[in-house]
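Working notes for the structure below.
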Amino acid sequence: MPPIVTAFATSPDRGRGLARDVRVRWALEEVGEPYDIRLLGFAELKQPAHLARSPFGQIPTYEEDGLALFETGSIVLHIGQSRAELLPADPAARARAISWIFAAVNTVEPPVIELQNAVLLEHDRPWHGERLPAVKDRVRDRLEQLSAHLGDAEWLDGAFSAGDLMMVHVLLRLRPSGLLDEFHNLAAYVARAEARPAYQRAFAAQLAVFEAALQGNP
Ligand code: GTB
């Protein structure tokens, strides 16, 4: 039985590939493993059947042979650990690649989410204009550090790894802000990852779900 990944039946990003099921789809595409998708409506996320998979009632989740996982960092790590392509065999290089998975979700993603929340949820608050520059600067700080580490390298640590996959998907969420383009090596890094055939397949698959939903509900 192929693994089952949950995703939004109608993604609020309208198929732009920003919902986090893309991370799992992309990882599975990189390792060449077919998967099934279970699409969920918003109400279903908080119902017992899904809460049994995801205590926070979120997508994506991952089910494989009786194992049910939530949290994209852990799912992508699991996929990387059980197949050869996404984590290096050398133990030290593998440990460093895993550090980048954590860095993506724990160090870079929080200020990115804070910015998105500020723009989408707080734009009508009287203090929005005053707060926004500080929120952007917190993202810039992280991008500056990441950019300095990456330098002219193709990927964060040697060959493309699960760490790059996670980091790139976090960075993609910044594109509408224009901040990514302030760092040319990071913009090129993201573009390089997006050009990978596995990413293209993952992106196309999630877009097809959104387009099908549109046709069903014009
Ligand atoms: N830390 C968890 C992980 O990495 O797996 C976070 C999972 C998560 O936030 N999932 C979101 C969710 O299920 C969907 S991806 N939200 C419903 C809820 O919490 O009730 C987040 C997302 C949503 C929408 C856009 N967008 O429209 O651009 C982008 C990303």
Side-chain angles (χ1 to χ4, degrees), residues 3-28 30 35 37-64 67-81 86 97-123 135 139 142 161-180 190 193-194 199 202-214 217:
I4 302 173
V5 179
T6 54
F8 285 130
T10 314
S11 180
D13 80 336
R14 306 183 61 80
R16 284 181 299 144
L18 300 177
R20 290 179 177 85
D21 56 292
V22 166
R23 298 173 185 180
V24 182
R25 292 174 183 273
W26 184 6
L28 289 166
E30 289 283 353
Y35 58 94
I37 284 281
R38 180 184 288 125
L39 298 176
L40 298 174
F42 289 102
E44 282 173 290
L45 293 182
K46 309 299 177 199
Q47 285 170 7
H50 189 63
L51 288 170
R53 299 175 204 115
S54 162
F56 305 108
Q58 297 184 316
I59 62 97
T61 56
Y62 176 91
E63 292 150 77
E64 173 201 87
L67 170 72
L69 293 176
F70 62 102
E71 287 295 330
T72 51
S74 97
I75 298 170
V76 169
L77 177 57
H78 171 76
I79 295 168
Q81 275 174 332
L86 275 175
I98 293 170
S99 296
W100 283 112
I101 296 179
F102 280 86
V105 294
N106 205 35
T107 301
V108 179
E109 189 159 47
V112 170
I113 301 294
E114 192 188 4
L115 174 61
Q116 188 161 25
N117 286 343
V119 171
L120 295 179
L121 308 177
E122 298 171 358
H123 57 91
V135 175
V139 174
R142 288 296 179 238
S161 80
D164 293 295
L165 183 156
M166 292 295 291
M167 188 64 77
V168 164
H169 195 258
V170 167
L171 295 177
L172 274 169
R173 210 152 164 177
L174 279 178
R175 198 174 260 152
S177 72
L179 289 180
L180 195 56
V190 169
E194 283 178 298
Y199 175 82
F203 183 89
Q206 63 78 42
L207 180 59
V209 170
F210 184 75
E211 288 177 342
L214 266 193
N217 310 288

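In each ligand, atom 1 is the first atom listed, and ligand 1 is the first ligand listed. Side chains included, hydrogens not; waters and symmetry mates left out as well; all remaining heavy atoms used.
- Closest protein heavy atom to atom 8 (C) of ligand 1: R20 NH1, 3.2 Å.
- Around CZ of F42, the count of heavy atoms belonging to other residues, nucleotides or ligands within 6.0 Å exceeds 12.
- Within the 4.0 Å heavy-atom cutoff, R173 counts among the residues contacting ligand 1.
- Checking each of E30, H169, R23 against V76 for a side chain to side chain contact (heavy atoms under 4.5 Å, CB included) leaves exactly one that passes, namely R23.
- Atom 4 (O) of ligand 1 has its closest protein heavy atom at T72 OG1, 2.7 Å.
- Closest protein heavy atom to atom 16 (N) of ligand 1: F8 CZ, 4.0 Å.
- Looking from atom 1 (N) of ligand 1 to the surrounding protein, the closest heavy atom is E71 OE1, 2.7 Å.
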>> I'd like to know whether M167 forms a side chain to side chain contact (heavy atoms under 4.5 Å, CB included) with W100, so could you lay out the CA-CA distance, the side-chain angles of the two residues, the decisive distance to 0.1 Å, and finally the verdict.
In response: CA-CA 7 Å; M167 188 64 77; W100 283 112; 3.7 Å; yes

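- Between Q58, H169, K46, M166, it is K46 that holds the heavy atom closest to atom 20 (O) of ligand 1.
- Note on residues 42-51: pairs passing side-chain hydrogen bond (donor to acceptor under 3.5 Å, both in side chains), not counting sequence neighbours, are H50-R53.
- Of all the heavy atoms of F42, none lies under 4.0 Å from any atom of ligand 1, so neither backbone nor side chain is involved.
- If you check which protein heavy atom lies closest to atom 11 (C) of ligand 1, you get I59 O, 3.7 Å.
- Distance from atom 17 (C) of ligand 1 to its nearest protein heavy atom, with residue and atom name: L45 CD1, 3.8 Å.
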>> Working note: V24 + Y35, criterion side chain to side chain contact (heavy atoms under 4.5 Å, CB included); need CA distance, chi angles, decisive distance, verdict.
In response: CA-CA 10 Å; V24 182; Y35 58 94; over 6 Å; no

>> One pair to check against side chain to side chain contact (heavy atoms under 4.5 Å, CB included): Y199 and L165. What are the steps and the verdict?
In response: CA-CA 9 Å; Y199 175 82; L165 183 156; over 6 Å; no

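- Between the side chains of Q116 and R173, at least one donor-acceptor pair of N or O atoms lies under 3.5 Å.
- Atom 26 (N) of ligand 1 has as its closest protein heavy atom D13 CB, 3.3 Å.
- Here the shortest heavy-atom distance to atom 29 (C) of ligand 1, taken over T6, I75, L18, belongs to L18.
- Proximity to P12 (heavy-atom distance under 4.0 Å) selects the following atoms of ligand 1: 24 (C), 27 (O).
- P60 places a side-chain heavy atom less than 4.5 Å from the side chain of T72.
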